[in-house]
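Below: the structure, in structure tokens.
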Amino acid sequence: MSSAVRGAAVQLVKTIEKLPAERMKHMVSLKESQLERFKPVAGLEAGAHGSKQKPTLQEIKDIISRTSGPLGLQKEALKKVQEAFPQEQYTAEAIQEQTKSLNNILSNKYRDYYAVGDKLLKPQGNPAYYQRLMDEIEGKKKETFWTAMRTVVLGK
Amino acid sequence: MFRTLFVANKASSCSASTPLKAFRCLARAGYSVKANREEAKELESPEELAQKSKLKAKPIDYSNNAPVNPKKKRPFLSGSKYESRVYQLPKWKEALGEIVIRSFNLDMDKVRAGPVAGSYYYALCKEQGLQFENEPLSTTARFFYEDLKLPRTFSQWFQITILHEWILFVRMRAMPFKYGRNYQQKLVDRTFSDIELRLFDEMNVNSGRIADQYLKDFNSQLRGAVFAYDEGLFTDDSTLAAAIWRNLFGGRKNVDMVHLEATVRYVRAQIYVLSKMSDREFAMGKFKFVSPDETVYRLTAQQEAEMKENVKRKYEEMDRNPDLLPSERSKLSYDN
């Protein structure tokens, strides 16, 4: 592999590392999978970033209770997709493009350009919708049995 | 009786749409005005963006390409003549419907959820990713299957459909709760009843048990996707991109970031257009998804004011008109 490709891949790996950690543990993680994919190209040691860390029992339970068939795929199929390591031919140009796109995503270019404002983010019909969702994800304010019942009865 | 009512409303909303064309042009002007191009020269349409990628990644399981190849094709929405675009309701049925609406003082905003969200908006979402073997793809479908290189399968079609449905959900939440909720419900109900029929007729599923399993699976996909997209919408682009990657791209490892960027752009642009629509227009079914080969430019403050002014004028005039049919009445706001 040429040094140009490696140099570009090092940049890309650095950019991927800037991706924020997911707030919830999912079956697959964009950050981990892409690090695993590009670290060998960059000549770095793959798996150093905790991608090989085993999920804790709590996390497994959490995932199982959330979904019966993760991503709607059969478990074997999901495994196959994850394990398949396609032999890809990278060019320096293609990798630089990846970095540029990822930077656009990271800088929230589109969220800021297409700002929707409070009309959609604090929707009239259910102003606390997103805030409640985020509080729940971040563990700031957990739903209790009564708030849950209220949602069931009133719908919001 | 109820059926007549539903139909009366449908027919009248169709006839009402002709004079509204002018407005739609205006709304569309929002993303084709040349003046705004200056400020965003580097913006290209999502399709152009996706096409310029030089990474020649292929979906891993390319052999798993299984275009829908039905023995018997279902009609696009339903076989009912009332849902066909050419059917004209007899005048006496229309009149009867209007009388019923007037005498029972029916809430048309509530009744309209069926024909608008359950029929029109579902049709919009459904056609975005629809694909059959040996049939040419629509522009949007070409963007998803050819430019983004997604596998041509039934479950991929479902993912594309729920992405679009979620985009509509975002706008429906901003309607008054009672109505927005009803619109969401109608859209979801229609989705699952249609999928069930498609599984039997087009995917050759013969067993009810297996169909039920698929439906449950699709249901959990829908919940997961709506949750993940909501989180992404509210937080930042990287969360939204990760949600799109997990759901639309099936979490595959060799994803192309340029494609991911193009999809984020596509989604944000649609939501931007929706955010500029008033409740009334949206509830009347005046929305169409922007095709991926078009670029959405931001409206300037002046253009926005002008657009709102026109909308206001049109609906004020409509509300003042004493001859307005009962089925065309609406209490939803037109100036938000």
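A quick note: this is a predicted structure, and the numbers were derived from the prediction, not measured. Every chain is numbered from 1 and lettered A, B, ... according to where its sequence line falls, protein lines coming before strand lines. Reckoned from all heavy atoms, side chains included, excluding hydrogens, waters and symmetry mates.
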Mark yes or no for whether [X], through its side chain, and [Y], through its backbone, hold a donor-acceptor pair below 3.5 Å.
X        : Y        : answer
A/Tyr130 : B/Thr235 : no
A/Tyr114 : B/Val267 : no
B/Arg268 : A/Val116 : no

Would you mind checking which part of [X] comes under 4.5 Å of any heavy atom in chain A, side chain (CB onward), backbone (N, CA, C, O), both or neither?
X        : result
B/Ser238 : both
B/Leu49  : side chain
B/Arg171 : both
B/Asp279 : side chain

Can you tell me which of [options] forms the most heavy-atom pairs within a distance under 4.5 Å of chain B?
options                                : answer
A/Asn104, A/Leu106, A/Asn126, A/Asp112 : A/Asn104
A/Asn108, A/Leu121, A/Leu133           : A/Asn108
A/Gly155, A/Pro20, A/Ser101, A/Pro123  : A/Ser101
A/Met134, A/Gln34, A/Arg23, A/Lys122   : A/Arg23
A/Pro127, A/Ser29, A/Ala115            : A/Ser29

Which atoms of [X] are under 4.5 Å from chain B, going by heavy atoms: the side chain, the backbone, both sets, or neither?
X        : result
A/Leu19  : side chain
A/Leu154 : backbone
A/Ile105 : both
A/Ser107 : neither
A/Glu97  : both
A/Glu93  : side chain

request  = For chain A, find which of B/Ala225, B/Gly180, B/Ala269, B/Ala262 contributes the most heavy-atom pairs closer than 4.5 angstrom.
outcome  =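 Heavy-atom pairs under 4.5 Å are most numerous for B/Ala269.
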
ask   = Can you tell which of B/Lys276, B/Glu231, B/Arg181 has the highest number of heavy-atom pairs within less than 4.5 Å of chain A?
value =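 Ranked by heavy-atom pairs under 4.5 Å with chain A, first place is B/Glu231.
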
task = Could you give me the CA-CA distance, side-chain angles and deciding distance for B/Leu260 and A/Leu102, then say whether side-chain contact (heavy atoms from CB on, under 4.5 Å) is met?
result = CA-CA 9 Å; B/Leu260 217 48; A/Leu102 200 57; over 6 Å; no

inquiry  = Between B/Arg246 and A/Glu22, does any side-chain N to carboxylate O distance fall below 4.0 Å?
reply    =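 Yes, charged N to carboxylate O under 4.0 Å.
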
ask   = Would B/Lys253 and A/Glu36 pass as an ion pair if we require N to O under 4.0 Å?
value = yes

request  = Take A/Lys100 and B/Met257, measure what side-chain contact (heavy atoms from CB on, under 4.5 Å) needs, and give me the verdict at the end.
outcome  = CA-CA 9 Å; A/Lys100 196 176 151 224; B/Met257 295 296 169; over 6 Å; no

query = For the atom pair CG (B/Leu274) and NZ (A/Lys119), what is the distance rounded to the nearest 0.5 Å?
reply =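 Taking CG in B/Leu274 and NZ in A/Lys119, the distance rounds to 9.0 Å.
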
inquiry  = For residues 172-179 of chain B, give me every residue with a non-hydrogen atom less than 4.5 Å from any non-hydrogen atom of chain A.
reply    = B/Arg173, B/Ala174, B/Met175, B/Pro176, B/Phe177

ask   = At their closest point, which heavy atom of B/Gly251 faces which heavy atom of A/Val28, and how far apart are they?
value =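 Nearest pair, atom of B/Gly251 first, then A/Val28: CA-CG2, 4.3 Å.
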
task = Please report the closest heavy-atom contact between B/Val255 and A/Arg37, naming both atoms and the distance.
result =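 Shortest heavy-atom separation between B/Val255 and A/Arg37 comes out as O-NH1, 2.6 Å.
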
query = Would B/Phe234 and A/Arg111 count as a side-chain contact (heavy atoms from CB on, under 4.5 Å) if you check the C-alpha gap in whole Å, the side-chain angles of each, and the deciding distance to 0.1 Å?
reply = CA-CA 10 Å; B/Phe234 193 66; A/Arg111 183 190 68 178; over 6 Å; no

inquiry  = Taking atom NZ as the centre, does A/Lys142 end up with more than 12 heavy-atom neighbours from other residues, nucleotides or ligands that are less than 6.0 angstrom away?
reply    =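 More than 12 within 6.0 Å, yes.
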
task = Can you establish whether the number of heavy atoms outside B/Lys52 located under 6.0 Å from its atom NZ is more than 12?
result = yes

ask   = Could you go step by step and tell me if A/Tyr110 and B/Tyr266 meet the side-chain contact (heavy atoms from CB on, under 4.5 Å) rule?
value = CA-CA 9 Å; A/Tyr110 300 117; B/Tyr266 175 78; over 6 Å; no

